[in-house]
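None of these values were measured; they are calculated from a predicted model. Both counts, for ligands and for their atoms, begin at 1 and track the order of listing. Below, each value reflects all heavy atoms present in this structure, side chains not excepted, and no hydrogens, waters or symmetry copies. The first residue of the sequence shown is numbered 1, and numbering continues consecutively from there.
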Amino acid sequence: MTHWLFPPAATPSLPILGSDRRFPVRRILCVGQNYAAHAREMGHARAEPFFFSKPADALVVDGADPVYPTATANLHHEVELVCAIGEDGSIAGWAVGCDLTRRDLQAAAKDKGRPWDAAKGFDQSAPCGPLTTGDLPDPTAAITLTVNGEGRQAGRLDDMIWSPVEILAKSRELWDVRAGDLIFTGTPEGVGPVEPGDRVEATIQGLEPLSFTMRPR
Ligand code: MN
């Protein structure tokens, strides 16, 4: 029996469609720049995927609305397919997620060759819908995001340079990926700003949609 100095924080988790059990989240890996259908059709060699991470407690779940973060004047939406790693180490579930990004801080970090943590891994930076278990969504499924009903992002899952299974294999070259890990698999073109009060709706055909309103601070 461990005697904690104070009660440990609750385990972040996702609801599972059709189940009363929840998926306990261990950590969140994210892939950068994974959609470039045009580059592929032009015959460009595909670049190795690169990863960054968000803390598990950056998740915003169960239909909650995230609060507009401090220290940015340019918060961006990135709709993404989220893969959830199950007990056997394979992808056990899928969800629609939004990789919220302080784009101004990311640009400054890129400029100076500094880490992305403050740009990507901030509190409430990972709104995520419920998990759908089972097989990969149809690769031709549409992935979309609207802000206040206006279309911003639209693509197809097979626009991904690296498929979910390939991304999982690549992530294993770098981490001991385990049950409870989530992987955000990158975003199609059309990223843009979200303002306080904006209504964001993100969809992937075959999965439960994700929607939230950005709460003013
Ligand atoms: Mn992203």
So for atom CZ, which belongs to R114, do other residues, nucleotides or ligands contribute more than 12 heavy atoms lying within a distance under 6.0 Å?
no
Nearest N/O/S atom of [X] with respect to the Mn ion (ligand 1), by atom name, please.
| X | value |
| --- | --- |
| E80 | OE2 |
| D99 | OD2 |
| E78 | OE1 |

Beyond-backbone contact of V82 with V96, side-chain heavy atoms, under 4.5 angstrom:
no
Could you tell me whether the side chain of L182 reaches within less than 4.5 Å of the side chain of L14, counting heavy atoms only?
yes
Output yes when a side-chain donor or acceptor of R103 lies under 3.5 Å from a complementary backbone atom of P193, and no otherwise.
no
